[in-house]
Number of protein chains: 2
Amino acid sequence: MTSGLNQGDLRRGELAREADCNLETIRYYETIGLIPHPPRSEGRHRLYGRAHINRLRFILRGRELGFSIDEIRALLAIEDSGGACSDVYALTTQHLVQVKRKIADLRRLERILASTAAACARDASPECPIIEALSARMGTQKPTMPRRRGARSRQ
Amino acid sequence: MTSGLNQGDLRRGELAREADCNLETIRYYETIGLIPHPPRSEGRHRLYGRAHINRLRFILRGRELGFSIDEIRALLAIEDSGGACSDVYALTTQHLVQVKRKIADLRRLERILASTAAACARDASPECPIIEALSARMGTQKPTMPRRRGARSRQ
DNA sequence: GCTACAAGCTGTAGTAACTACAGGATCAAG
DNA sequence: CTTGATCCTGTAGTTACTACAGCTTGTAGC
């Protein structure tokens with residue numbers, strides 16, 4: 001044993017692969033305090049365990065599902081402090097409303113796109129009224145989406 | 001008439017209110033070329049018409065629905081080029097695929113959130129199933145979401 | 001016509017949430 | 001004991017806004 005690496009420990013790259021996450025994102029989450037500082041090897045390499053994989057997957061999943069970092073931080077704080085269920089309930093139902101609205105909007109957009117495509121396929125008319133179709137007010141909503149990410153490359 | 005302002009013209013703040021958009025975002029969209037440079041008053045104040053409202057609403061709506069600025073630019077380019085119907089068809093069907101995928105993703109999220117909330121409501125146990133629910137692998141998906149925005153304050 | 005004061009102008013800086021890169025150290029295989 | 005992959009740190013870049021400072025313009029009331 002030359003490096004203090006135990007069986008089952010993962011290094012950063014392995015954790016990244018395991019959670020399907022960008023390498024640098026892990027360090028980023030550590031610096032902003034979402035992931036605790038892991039133990040290090042003799043040569044200061046980070047050593048992660050199974051618990052880290054779950055926590056990281058949770059964070060990534062939450063981000064994909066439209067929770068902000070601060071919302072995820074709140075969820076993790078609940079978990080870390082033993083889990084006050086009512087807080088989780090409040091946060092999830094609140095988010096659920098937003099998600100339902102987004103689905104409704106997307107369905108409307110889906111119909112518009114489908115009929116536009118169908119009209120284009122039928123008849124090669126010069127008038128494609130896409131802007132009017134989409135710029136109609138479709139019900140107010142407060143957006144709660146995470147930043148667009150790239151193709152999740154692991155390098 | 002002291003300022004060259006015609007009836008029906010809107011200034012930036014009015015357009016922002018009209019489209020429920022942050023004041024600065026309008027200027028931002030102009031600088032990146034999403035919105036054309038509007039005519040100005042004598043004193044260089046921007047003067048917008050009805051067409052601008054629609055275009056802006058379209059952009060905002062698209063962003064809320066998870067299209068990137070570049071994707072919206074492409075959609076607008078079709079409209080701007082007089083609507084070459086074959087291009088519209090290609091782009092709309094392409095976007096339709098994305099929209100369908102987004103709906104599917106959000107529906108999955110909806111189910112998870114709903115069942116999590118239901119579990120929390122039923123049973124006030126100290127163990128909240130949200131962490132387990134969210135850290136479970138739900139099948140791979142490439143995220144295509146825009147950045148989270150603030151509360152859309154108009155000032 | 002004069003005066004407030006809101007609203008607009010420009011340029012620039014800050015924010016969220018990553019993502020990439022440079023230049024060096026470490027680790028594991030051969 | 002060397003070599004190439006992996007890791008380290010700090011810092012800079014990216015996207016899509018959002019805010020601010022300092023000044024100009026527009027307009028309502030007197």
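Reminder, nothing fancy here: chain letters follow the sequence lines and each chain counts from 1.
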Under 4.0 Å: is that the gap between some side-chain N or O of [X] and OP1 or OP2 of [N]?
X: Thr25(A); N: dA17(C); value: no
X: Ser68(B); N: dT15(D); value: no
X: Arg12(B); N: dC9(C); value: yes
X: Arg44(B); N: dG8(C); value: no
X: Arg40(B); N: dG8(C); value: no
X: Arg46(A); N: dT6(D); value: no
X: Tyr29(B); N: dA16(D); value: no
X: Asn22(B); N: dA16(D); value: no

### Query
So, the side chain of Arg55(B) versus the backbone of Leu34(B): is there a donor-acceptor pair under 3.5 Å, distance only?
yes

### Summary
Checking His37(B), His52(B), Glu30(B) against Arg46(B) for side-chain hydrogen bond (donor to acceptor under 3.5 Å, both in side chains), the one that qualifies is Glu30(B)

Rounded to the nearest angstrom, tell me the gap between atom [atom1] in [X] and atom [atom2] in [N].
X: Glu24(B); N: dA19(D); atom1: CD; atom2: P; value: 8 Å
X: Ile69(A); N: dT15(C); atom1: CD1; atom2: C1'; value: 13 Å
X: Asp70(A); N: dC18(C); atom1: CG; atom2: P; value: 12 Å
X: Tyr48(B); N: dA7(C); atom1: OH; atom2: P; value: 16 Å
X: Glu30(B); N: dT18(D); atom1: CD; atom2: P; value: 17 Å
X: Asp9(A); N: dA28(C); atom1: CG; atom2: C1'; value: 16 Å
X: Leu23(A); N: dC21(C); atom1: CG; atom2: C1'; value: 12 Å
X: Tyr28(B); N: dT10(C); atom1: OH; atom2: C1'; value: 18 Å

### Task
Check Ile53(B) against Leu15(B) and note the closest heavy-atom contact, atom names and distance.
CG1-CD1, 3.6 Å

### Query
Who pairs with Arg27(B) by salt bridge (Lys or Arg N to Asp or Glu O under 4.0 Å), at least two apart in sequence or on another chain?
Glu24(B)

### Residues that Arg12(B) engages under salt bridge (Lys or Arg N to Asp or Glu O under 4.0 Å), provided they are two or more places apart
none

## Note on the structure
Of His45(A) and Arg27(A), the one whose closest nucleotide on DNA chain D sits nearer the 5' end is His45(A)

